[in-house]
Number of protein chains: 2
Amino acid sequence: MKGDAVRGHLDALLLAALEQGPLHGYAIITAVQKRSGGVLELRTGTMYPALNRLERLGLLRSDWQSAGERRRRCYELTDAGRRALGEERTAWRELTAAIGAVLDPSPAPGPAT
Amino acid sequence: MKGDAVRGHLDALLLAALEQGPLHGYAIITAVQKRSGGVLELRTGTMYPALNRLERLGLLRSDWQSAGERRRRCYELTDAGRRALGEERTAWRELTAAIGAVLDPSPAPGPAT
DNA sequence: ACCTATATGTTGGCAGCCAATATATAGGCC
DNA sequence: GGCCTATATATTGGCTGCCAACATATAGGT
C-alpha cells in the first residue's frame, strides 16, 4: 500500500477502532492492521498526535493504566465521538460513491431504449 | 465535500475521465462533476499541472486544436495510460475494501458455529 | 548481553492539493 | 459601446496532514 493511503480518513479509522470498546494506542494499531487484512499500518508518528487531537476535540477520553503492568493510555469514545463516527461513515460512503461513479461509470440509460 | 477529497486519487479520476475518448481540460472538469453527481469539482490549479505530469509520464498524449475555435489542448490515453488506469482501479478497490473493513467490520465467524 | 515485542511520544520534512491570480476569446444583454 | 458570464489554459504561494526517524522505557526470550 502506497504512502498516504489513509489520508483524510485517519479519524474515521481511529473512531471505528474504538467503537466496540476501549483500546490503548498500540492495540489500535494491531486492531486496524488485523481488520484490514494487513493492508493498513498506522504509524506512531501519525496516530498518537491524532489521538491527542481527537481527545482535545472531545471525541475521545483517555485514562492511564499503570497498575502493575506497563503504563498504557486507554482511549474510549465519548458520545460526541460516536456521533462523529456516524458522520465519518456518511462522508466515506459519499466519497466512495462519487469516486466510484467516475472510475466505473454506469452507462447512461438512453431515453426509451 | 470537504477539501482534499480527491487526494491521492486525482490521477485515477483523470485517466478514467479519458477512457471513453479524448477530452480537453475544461471538459474533464465538467465530465467528472457530472459523473460524480456534482460532488467532485476539480480545480484548475490542481488539474492542469496533473495533466502535464501524466503526459510527461507517458500516460497521456495531447494535441492543440486551434483551428477556427478557441485553442484547446485535447488529451487522450496512451496504452501505458490504460494500463495505469487498470492499476489505479485495483488500488482503489483494495483501499476501499481495507478502510471499509475497518469502518464496518463484519463479525468474526467463530469456528463451527 | 542482545534482540524483539510492547508501549508512548516528538521533531523535521515534504507531497499534493487549494485559493488566488493571470490571460484570452466568444456570446448575450442593455 | 460596455459589462457580465461561460469557455479555456496556466502559474504562484501557502497550508494540511501524513511520514520517517528518533527518543525512551519495560519485559521476556536465547
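Every value quoted in this text rests on a predicted model; they were computed, and no experiment measured them. Numbers restart at 1 for each chain; the letters A, B, ... are given by sequence-line order, proteins then strands.
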Notebook entry, point to check: Within this structure, what is the NE2-to-P distance between H24(A) and dT26(D), rounded to whole angstrom?
Noted result: 17 Å
Next item on the list: Assess whether salt bridge (Lys or Arg N to Asp or Glu O under 4.0 Å) is satisfied between D63(A) and R73(A), documenting all intermediate values.
Entry: CA-CA 6 Å; D63(A) 71 308; R73(A) 193 166 172 186; over 6 Å; no
Note to self: Counting the atoms with a prime plus P, OP1 and OP2 as sugar-phosphate, which does G25(A) contact under 4.0 Å by heavy atoms, base, sugar-phosphate, or nothing?
What the structure shows: sugar-phosphate
Item checked: Nucleotide of dC17(C), dT9(D), dA7(C) approaching T46(B) most closely (side-chain heavy atoms) -> dC17(C)
Check: Taking the nucleotide of DNA chain D with the closest heavy atom to each, which residue, Y75(B) or T30(B), is nearer the 5' end?
Finding: T30(B)
Notebook entry, point to check: Do R43(A) and dA21(D) share a donor-acceptor pair, side chain to base, under 3.5 Å?
Noted result: no
Margin query: What is the distance, to the nearest angstrom, from the CG atom on L51(A) to the P atom on dG17(D)?
Written below: 16 Å
Check: Hey, does the side-chain of R70(A) have a donor or acceptor N/O within less than 3.5 Å of a partner on the base of dT8(C)?
Finding: no
Margin query: Rounded to whole Å, how long is the line connecting atom CG of L40(B) with atom P of dC18(C)?
Written below: 10 Å
Checklist line | Whole-Å gap separating C1' (dA7(C)) and CD (Q33(A)) | finding: 15 Å
Next item on the list: Look at the side chain of L10(A) and decide which nucleotide, out of dC18(D), dA8(D), dC18(C), has an atom nearest to it.
Entry: dC18(D)
Margin query: Could you tell me how far apart L42(A) (CG) and dG17(D) (P) are, to the nearest whole angstrom?
Written below: 16 Å
Next item on the list: Whole angstrom is fine here: how far is it from CD in E41(B) over to C1' in dC18(C)?
Entry: 13 Å
Checklist line | Option among L59(A), L54(A), L23(A) that satisfies the side chain to side chain contact (heavy atoms under 4.5 Å, CB included) test with L18(A) | finding: L23(A)
Checklist line | Euclidean distance, atom CG of residue D4(B) to atom P of dC14(C) [Å, nearest integer] | finding: 19 Å
Check: Do E19(B) and R89(B) meet the salt-bridge criterion of a basic N to acidic O distance under 4.0 Å?
Finding: yes
Check: Starting at the 5' end of DNA chain C, which residue's closest nucleotide do you reach first, G45(B) or R7(B)?
Finding: R7(B)
Checklist line | Selection from dC17(C), dA7(C), dT11(D) that lies nearest to any side-chain heavy atom of V6(B) | finding: dC17(C)
Next item on the list: Would you mind telling me which of dA8(D), dA5(C), dA20(C) lies closest to the side-chain atoms of T44(B)?
Entry: dA20(C)
Notebook entry, point to check: Considering residues, nucleotides and ligands other than D79(B), do more than 12 of their heavy atoms fall under 6.0 Å from its CG?
Noted result: no
Next item on the list: Look at the side chain of R73(A) and decide which nucleotide, out of dT9(D), dC17(C), dG9(C), has an atom nearest to it.
Entry: dG9(C)
Notebook entry, point to check: Is a salt bridge present between E76(A) and R61(A), judged by a nitrogen-to-oxygen distance below 4.0 Å?
Noted result: yes
Next item on the list: Please report, rounded to the nearest Å, how far the P atom of dC18(D) is from the NE2 atom of H9(A).
Entry: 9 Å
Next item on the list: Report the nucleotide, chosen from dA6(D), dC17(C), dT6(C), that has the shortest atom-to-atom distance to any side-chain atom of Y26(A).
Entry: dT6(C)
